[in-house]
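Order of listing sets the numbers, starting from 1, for every ligand and every atom in it. In this text, all values refer to a predicted model and were calculated from it rather than measured experimentally. What you see below is based on every heavy atom in this structure, not just the backbone, and it leaves out hydrogens, waters and symmetry mates. Sequential numbering from 1 along the given sequence is applied to the chain's residues.
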Amino acid sequence: MSNGESRGVRHAPAGVAILGSTGSIGTSALRVIARQPQRFAVVALTANSNRAVLAQQVAACHPAFVGLVTTDGGDSDGWSCGPECLVQAATRPDVSIVLNAVVGAAGLPATLAALRAGKRVALANKESLVMAGEIVMATVSAHGGELLPVDSEHSAILQCLAGRPLSEVRRLVLTASGGPFRDWSAARIGSATVDDALRHPTWQMGRKISIDSATLANKALEVIEAHYLFGIPYDRIDVVVHPQSIVHSFVEFVDGSVLAQLGVPSMELPILYALTWPERVPDQGVPLFNPVALGALTFEAVRHSEFPMLGIGIRAGRAGGAAPAVYNAANERAVAHFLAGEVGFGRIPMLVSTALSALERLPGDTLDALLAADGAARDHVTSHVGAETSIHESKVPL
Ligand code: NAD
Ligand code: MG
């Protein structure tokens, strides 16, 4: 499907599969779709383990397919159980749009399967693109599927580009809120607790992306995501800190003109736009824009020495091959150890940079090679959690 016409109100609603329906993005997507019943119908839902919330969603939207990855042996009522439910949901003939809102590398097989089946993928799961950007983009070209970003920064860029050719683009500037530690000292950041790190100033999100926002690893993942999605070299992608999260990103064109997309923070707009692109449809997902009430919009440089995960990630992106997959997997595992109380916040960059030094030159030219690098990075991090050094005790090369 190459344009929004066939998803218009004159046709039957487009079937949507929501992978990760019980999460922050998944529940926002259900609210968006509930307001657009003539355009979209939920035909498949999947969750990792939250049976109770999934059952409530099933009772509300009656999807034809329900998948639960991790079962506790409870009554599954015709649901498909196990990790294969993601690909099953993503490739159903009655599904034309797959909203991938799974967190982490677990989302990759469904992204690829949906694109191979020629579906539109509305991608919140940025980890898919970071791990296997070249393979994902080659799959888009080979099978006629579509890849639309849900990430607010990338949705902003797509909206600013408005179909202009890449030859007219000088630079992308991604905005970053700066997270909860934007103005903290390095020493205080190093000993931040899990509760401190989960307290995001402007967005309500899942736990993993909240920690990534506190380290700025999320912005590194987004730079790599932008590189693959829009085909822009790394030296033409910049990051600026914007604490109010009102400007969602900028595109600078070759004539010096700069376009930005603005709005009160709400993921419901980028979710809707990924479903309706290139059309815009009436909706109430974002509060009315009142620039006077919003007050000052400010911008700051990134403090790279306090937030080394951004530079480490961009270097992994530039290195290419298996390096982005190693960065992504090492970060995922280090964040899991932090959330479990097994390592301090200041250890995350050290664990990830140590894994990259050991593994970034692994082969990364096939999916199997990338999956092997992902597994090796996870093992590497876990085998190092007992070591004592922290980023603030032992210098990471910046
Ligand atoms: P979340 O933790 O709130 O939800 C994750 C969902 O994925 C849940 O439904 C969970 O059941 C499912 N899931 C978790 N592990 C799984 C696994 N191994 N296999 C299958 N399903 C699994 O996360 P979120 O905040 O909604 O984020 C989801 C994705 O969207 C992430 O990639 C994140 O980076 C991206 N994203 C989120 C936001 C946001 O505002 N929350 C913004 C931009 C991008
Ligand atoms: Mg984002």
inquiry  = Which heavy atom of V326 sits nearest to which heavy atom of A373, and what is that distance?
reply    = CG2-CB, 4.0 Å

key: Those protein residues which place at least one heavy atom below 4.0 Å from ligand 1   = G20, S21, T22, G23, S24, I25, A47, N48, V69, L86, A101, V102, V103, A106, A124, N125, K126, E127, D151, M205, G206, I209, M267

ask   = For Q57 and S21, does a side-chain donor sit closer than 3.5 Å to a side-chain acceptor?
value = yes

Partner residues of L129 under the side chain to side chain contact (heavy atoms under 4.5 Å, CB included) criterion, sequence neighbours left out = L123, V136, M137, L147, E225, Y228, L229

query = Around the Mg ion (ligand 2), how many protein N/O/S atoms fall inside 2.8 Å?
reply = 3

ask   = If every non-hydrogen atom of A89 is compared with every non-hydrogen atom of V95, which pair is closest and at what distance?
value = O-CG2, 3.6 Å

message = Which residues pass the side chain to side chain contact (heavy atoms under 4.5 Å, CB included) test with S185, not counting sequence neighbours?
response = A187, R188

key: Any side-chain donor near an acceptor of the partner, H200 and S177, under 3.5 Å   = yes

query = Does the side chain of D374 pick up a donor-acceptor pair with the side chain of N328 at under 3.5 Å?
reply = no

Ring center gap for F181 and F307 short of 6.0 angstrom = no

message = Hydrogens and angles aside, do T382 and H337 bring a side-chain donor and acceptor to less than 3.5 Å of each other?
response = yes

